[in-house]
Amino acid sequence: MQAANCKQCLLWVIATVIGIVSPEPTVRPLVINTWPFTRAAEAAWNVLELGGSALDAVEKGCTQCEIDQCDGSVGYGGSPDEYGETTLDAMIMNGNTMEAGAVANLRRIKNAIGVARAVMEYTKHTFLVGESASLFAQSMGFPSEDLTTSKSISIYSKWLDQNCQPNFRKNVIPDPLQSCGPYKPVRGLQVGKQAVIQKDVNVHHHDTIGMIAIDKAGNLAAGTSTNGATHKIPGRVGDSPIIGAGAYADSAAGAAAATGDGDTMMRFLPSYQAVEYMRIGIDPSAACQKAIIRIQKYAKDFFGAIICTNITGSYGAACSKAPGFTQFHFTVFKPGIARPQEEVVDCL
């Protein structure tokens with residue numbers, strides 16, 4: 001670990017000399033998370049203030065969002081799928097050891113980020129999914145609970161009344177713009193052609209909490225938690241629990257976390273990419289921007305954002321402009337302020 005840190009310091013000095021970055025004072029502890037989820041940031045900060053680890057802080061912060069059902073896009077009772085069921089995705093990563101744990105399509109368990117950490121700490125695996133992930137969670141002592149609420153039932157009922165609009169189907173019959181199915185594939189399509197082209201579902205149905213923490217010792221951790229895309233096809237997994245897509249942390253370089261249209265973003269591993277940019281000394285804001293621009297080359301109007309911090313606690317964010325989304329709000333808690341502050345960046 002010391003050798004890795006020395007190597008990073010050397011890269012940092014070289015980058016400073018040639019003008020890629022300017023030296024900045026170290027800021028720690030630090031919490032930064034996507035969206036104005038201030039209660040989550042405060043919960044994580046309280047852990048760090050008491051000398052707790054970055055890993056504990058990330059778990060605590062994301063758990064708070066699961067309890068609060070942040071924006072209806074995190075935790076139980078939100079984003080029902082085509083069957084009306086709420087399922088959860090989460091991941092957590094230790095920037096010191098590069099260990100990670102993740103769960104997806106988790107059923108009946110409210111504390112998804114806790115189960116993700118249990119995967120990391122009590123198994124030799126990294127990722128568990130579906131019913132088997134739920135059974136694992138129960139064996140680890142997590143209670144089995146109904147994730148459905150009156151609100152999620154109302155969202156689902158309204159969707160059915162609107163002929164299942166919007167949805168994520170394409171190239172099927174009957175026409176997914178007018179019918180709830182059941183669907184069958186359209187045969188004989190030319191490669192690269194689509195029988196139906198649908199715009200993305202409302203951007204607010206893709207929100208995720210992504211959180212990064214740096215503790216007093218300089219250790220980094222990152223994590224995510226979400227209930228996924230509203231009206232998703234059952235079994236769908238987005239970017240949030242994918243290591244390198246939803247979040248990534250390396251205490252020798254930095255950390256990043258993403259939010260947005262996971263079906264697009266997961267193809268580019270933006271969190272990993274941003275950390276690699278910071279590894280060579282690129283400023284966190286520029287690293288976030290470069291990760292976004294890379295995706296825009298293939299999906300110009302995609303909805304998404306990313307937060308980044310390097311090992312000194314310098315941080316930044318970037319977002320991709322989409323209909324109804326021109327600015328990205330995120331939360332920061334750092335030394336010198338009494339409460340978490342909301343910051344904003346204009347989208348590219």
Side-chain angles (χ1 to χ4, degrees), residues 29-49 52-79 86-95 99-106 109-121 126-128 133 137 140 142 145 147 206-215 219-228 237-249 255-260 262 271 305-307 309 329-333 340:
L30 175 73
V31 175
I32 176 172
N33 60 259
T34 56
W35 309 110
F37 299 151
T38 56
R39 280 172 53 86
E42 190 167 13
W45 179 261
N46 289 340
V47 173
L48 299 179
E49 279 276 84
S53 71
L55 201 63
D56 288 341
V58 167
E59 182 184 7
K60 189 71 172 181
C62 289
T63 295
Q64 187 64 54
C65 230
E66 292 170 348
I67 294 170
D68 293 344
Q69 301 169 279
C70 287
D71 204 32
S73 62
V74 181
Y76 68 100
S79 302
T86 295
T87 56
L88 308 180
D89 303 339
M91 67 145 289
I92 193 166
M93 186 167 186
N94 184 334
E99 291 177 297
V103 289
N105 199 26
L106 184 70
I109 308 294
K110 289 184 176 180
N111 186 201
I113 189 75
V115 181
R117 185 168 182 178
V119 172
M120 181 178 71
E121 295 189 336
T126 299
F127 205 154
L128 298 180
M140 292 291 103
F142 292 88
E145 304 175 80
L147 303 186
H206 283 81
D207 300 348
T208 302
I209 183 167
M211 176 174 283
I212 302 166
I214 307 178
D215 61 30
N219 306 307
L220 274 75
T224 66
S225 185
T226 184
N227 52 33
V237 177
D239 65 323
S240 296
I242 306 296
I243 291 92
Y248 196 76
T259 183
S271 294
I306 185 170
I307 54 174
T309 183
H329 295 252
F330 61 102
T331 306
V332 177
F333 211 149

Report task. List the atom of Ala102, the atom of Met91, and the distance in Å for their closest heavy-atom pair. Result -> CB-CB, 3.8 Å

Report summary line: Heavy-atom closest pair (Ala54 atom, Ala213 atom, distance to 0.1 Å) is CB-O, 3.5 Å

Query raised in the report: For Thr224, which of Asp239, Asn33, Thr208 qualifies under side chain to side chain contact (heavy atoms under 4.5 Å, CB included)?
Result: Thr208

Query raised in the report: What are the two closest non-hydrogen atoms of Arg39 and Asp68, and how far apart are they?
Result: NE-OD2, 2.8 Å

Requested in this report: State which residues pass salt bridge (charged side-chain N to carboxylate O under 4.0 Å, His left out) with Glu49; sequence neighbours excluded, sorted by chain then number.
Outcome: none

Report task. Could you walk me through whether Tyr248 and Ile243 pass the side-chain contact (heavy atoms from CB on, under 4.5 Å) test, one step at a time? Result -> CA-CA 6 Å; Tyr248 196 76; Ile243 291 92; 3.9 Å; yes

Report summary line: Closest non-hydrogen atoms of Ala90 and Pro241, given as atom of the first, atom of the second and distance, are O-CB, 3.6 Å

**Report entry** Asp89 side-chain N/O to Asn105 backbone N/O, donor-acceptor pair under 3.5 Å
**Finding:** yes

Query raised in the report: Rounded to the nearest 0.5 Å, what separation is found between the CD1 atom of Ile212 and the OG1 atom of Thr309?
Result: 6.5 Å

Query - Asp215 side-chain N/O to Ser53 backbone N/O, donor-acceptor pair under 3.5 Å - result: no

Query raised in the report: Do the side chains of Arg117 and Thr63 get nearer than 4.5 Å, heavy atoms only?
Result: no

Requested in this report: Just do the side-chain contact (heavy atoms from CB on, under 4.5 Å) check on Leu30 and Val332 with the steps written out, would you?
Outcome: CA-CA 8 Å; Leu30 175 73; Val332 177; 3.9 Å; yes

Query raised in the report: Are the side chain of Ser79 and the backbone N or O of Gly228 linked by a donor-acceptor pair below 3.5 Å?
Result: yes

Requested in this report: Take Met211 and Val31, measure what side-chain contact (heavy atoms from CB on, under 4.5 Å) needs, and give me the verdict at the end.
Outcome: CA-CA 7 Å; Met211 176 174 283; Val31 175; 4.1 Å; yes

Query - Shortest non-hydrogen contact from Thr86 toward Leu147 - result: O-CD1, 3.4 Å

Query raised in the report: Counting N and O atoms only, with roles assigned by atom type, does the side chain of Thr34 sit under 3.5 Å from a partner on the main chain of Phe330, one being a donor and the other an acceptor?
Result: no

**Report entry** Test item: Leu88 and Ile109 side chains (from C-beta on) under 4.5 Å apart, heavy atoms
**Finding:** no

Requested in this report: Could you grab the distance from atom SG of Cys62 to atom CD1 of Ile209, nearest 0.5 Å is fine?
Outcome: 4.5 Å

Requested in this report: Find out whether Thr259 and Trp35 are in side-chain contact, i.e. whether some heavy atom of one side chain is under 4.5 Å from a heavy atom of the other.
Outcome: yes

Report task. Taking the side chain as every heavy atom from C-beta outward, state whether Leu106 and Thr87 have any pair of such atoms under 4.5 Å apart. Result -> no

Requested in this report: Run the numbers on Ile113 and Ile92 for side-chain contact (heavy atoms from CB on, under 4.5 Å), then give the verdict.
Outcome: CA-CA 7 Å; Ile113 189 75; Ile92 193 166; 4.0 Å; yes

Report task. Mark yes or no for whether Thr38, through its side chain, and Pro340, through its backbone, hold a donor-acceptor pair below 3.5 Å. Result -> no

Query raised in the report: Would you say the side chain of Gln64 lies within less than 4.5 Å of the side chain of Asn46, judging by non-hydrogen atoms?
Result: no

Requested in this report: Using salt bridge (charged side-chain N to carboxylate O under 4.0 Å, His left out) as the criterion, list what pairs up with Glu66, not counting sequence neighbours.
Outcome: none

Query raised in the report: At what distance, to the nearest 0.5 angstrom, does CE of Met93 lie from CE of Met120?
Result: 10.0 Å

Requested in this report: Report yes if the side chains of Val74 and Cys65 come closer than 4.5 Å at any heavy-atom pair, otherwise no.
Outcome: yes

Requested in this report: Taking all heavy atoms of Asn111 and all of Phe142, pick out the closest pair and write down the distance.
Outcome: OD1-CE2, 3.6 Å

Query - Spacing of CD1 belonging to Ile214 relative to CG belonging to Leu220, to within rounding of 0.5 Å - result: 4.5 Å

